[in-house]
*Asks:* 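Handing you this structure, nothing more for now.
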Amino acid sequence: MTVAKIRLYVEHPLGQGQSVPLNRDQAHYLFGVMRLSPGNAVALFNGHDGEWLASVAEAGKRGGTLRVDRQTRPLQLPPDLWLMFAPIKKARTDFIVEKAAEMGARRICPVQTDFTNSERIRQDRLQAHAVEAAEQCGGTYLPGVSELQKLDHVLDTWPDDRRLMFCDEALAGASETLGQAGGDKWAILIGPEGGFSGAERDRLHAAPFAHPVSLGPRILRADTAAVAAMTLWQQALGDWH
Ligand code: SAH
């Protein structure tokens, strides 16, 4: 059986016999960097159709074509979990997006809080990080990265059926956990390096959908907190068992 060593995310529909055109970057990666030639195998996924085995039909410097052969895995959707976080320094923000994609977030939502350090994000760059992480971790799903939204707006328009795991550094050392919370639509909220403002904390503690939790006795950096919170959530309510 042919086993593909390379996994590639494509936007094209996937199905038996499909031809998938490659753009310049993909051709450069497959043929320039990975040195594939016609006949070599590549695993493809597009976030909807599962994973498919394909082979190189045409290889060029600026393009090429893959031919799809057969499905190797069905689509596996992650749980309906959004990771909401306040963007921090570039490398750490990239890390959060990469880890969220690996750990099984359905959506990645940068939010601007009162003490958020940056007012702007490069959504396209963050999305590219999520693509790389999905390619590497064997996922068949690609979490979308939203544009930066204001936390107040997110809370004003909060959907009735979604719960919020509010990671509140003011609870460090307290025993607040997810406990017996049920429900299958969730979001995690992680604050910036400066933490949440008093007003934000008041609002979140009063919100009926919010479950304030502690992530242990020490204050974690936001990127660590994101990974820790996703671990706890996945273990309690997600697809880890
Ligand atoms: N500067 C703040 C800490 C911010 S840590 C202070 O010194 O208080 C960044 C984010 O990580 C926080 O907003 C929170 O969402 C999360 N976090 C870090 N440690 C935590 C803990 N022990 N419990 C709950 N959330 C935590």
Side-chain angles (χ1 to χ4, degrees), residues 78-121 126 129-130 133 143 145-159 162-181 183 185-238 240:
D80 196 347
L81 174 67
W82 302 345
L83 178 69
M84 305 196 326
F85 71 99
I88 41 177
K89 284 196 200 94
K90 184 175 155 303
R92 289 180 185 273
T93 299
D94 292 350
F95 176 93
I96 291 177
V97 169
E98 178 183 294
K99 299 310 154 203
E102 286 175 40
M103 300 204 39
R106 184 78 70 95
R107 253 207 106 63
I108 300 171
C109 314
V111 291
Q112 194 177 348
T113 64
D114 289 344
F115 300 152
T116 297
N117 326 45
S118 62
E119 314 235 304
R120 225 170 276 128
I121 55 157
L126 294 180
H129 278 285
V145 179
S146 312
E147 289 289 353
L148 186 64
Q149 298 181 70
K150 289 210 158 70
L151 178 62
D152 272 337
H153 173 74
V154 170
L155 297 177
D156 287 343
T157 54
W158 194 261
R162 188 171 295 273
R163 297 168 197 227
L164 178 66
M165 175 177 176
F166 164 41
C167 299
D168 182 1
E169 69 276 4
L171 295 174
S175 56
E176 263 84 345
T177 62
L178 273 180
Q180 298 302 308
K185 290 186 179 185
W186 277 82
I188 290 172
L189 176 61
I190 303 289
E193 277 161 28
F196 290 101
S197 70
E200 286 169 341
R201 184 165 289 118
D202 290 348
R203 180 166 188 191
L204 284 158
H205 277 280
F209 51 81
H211 298 246
V213 300
S214 158
L215 300 174
R218 288 162 293 272
I219 302 284
L220 309 176
R221 296 194 77 137
D223 46 350
T224 317
V227 175
M230 294 195 70
T231 308
L232 287 177
W233 189 91
Q234 281 286 30
Q235 176 66 22
L237 294 157
W240 285 17

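One-based numbering, in listed order, for ligands and for the atoms of each.
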*Asks:* Output all residues satisfying side-chain hydrogen bond (donor to acceptor under 3.5 Å, both in side chains) with Lys185, sequence neighbours left out; order by chain, then residue number.
*Replies:* Asp161
*Asks:* Determine yes or no for a side-chain-to-main-chain donor-acceptor pair under 3.5 angstrom, with Glu169 supplying the side chain and Phe196 the backbone.
*Replies:* yes
*Asks:* Rounded to the nearest 0.5 Å, how far does CG of Asp156 lie from NZ of Lys150?
*Replies:* 12.0 Å
*Asks:* Show every donor-acceptor pair shorter than 3.5 Å between a side-chain atom in residues 209-222 and any protein atom, with sequence neighbours excluded, or say none if there are none.
*Replies:*
| residue | atom | partner | partner atom | Å |
| --- | --- | --- | --- | --- |
| Ser214 | OG | Leu171 | O | 3.2 |
| Ser214 | OG | Gly216 | N | 3.1 |
| Ser214 | OG | Gly216 | O | 3.4 |

*Asks:* Please list, chain by chain and in numerical order, all residues satisfying side-chain hydrogen bond (donor to acceptor under 3.5 Å, both in side chains) with Ser146, sequence neighbours excluded.
*Replies:* Arg107
*Asks:* May I have the N/O to N/O pairs between ligand 1 and the protein that fall below 3.5 Å, each with atom names and distance to one decimal?
*Replies:*
| residue | atom | partner | partner atom | Å |
| --- | --- | --- | --- | --- |
| ligand 1 | 1 (N) | Glu193 | O | 2.5 |
| ligand 1 | 13 (O) | Glu169 | OE1 | 2.7 |
| ligand 1 | 13 (O) | Gly191 | N | 3.3 |
| ligand 1 | 15 (O) | Cys167 | O | 2.6 |
| ligand 1 | 15 (O) | Gly191 | N | 2.9 |
| ligand 1 | 19 (N) | Leu220 | N | 2.9 |
| ligand 1 | 22 (N) | Gly216 | O | 3.1 |
| ligand 1 | 22 (N) | Arg218 | O | 2.9 |
| ligand 1 | 23 (N) | Leu215 | N | 2.8 |

*Asks:* Would Asp152 and Arg203 pass as an ion pair if we require N to O under 4.0 Å?
*Replies:* yes
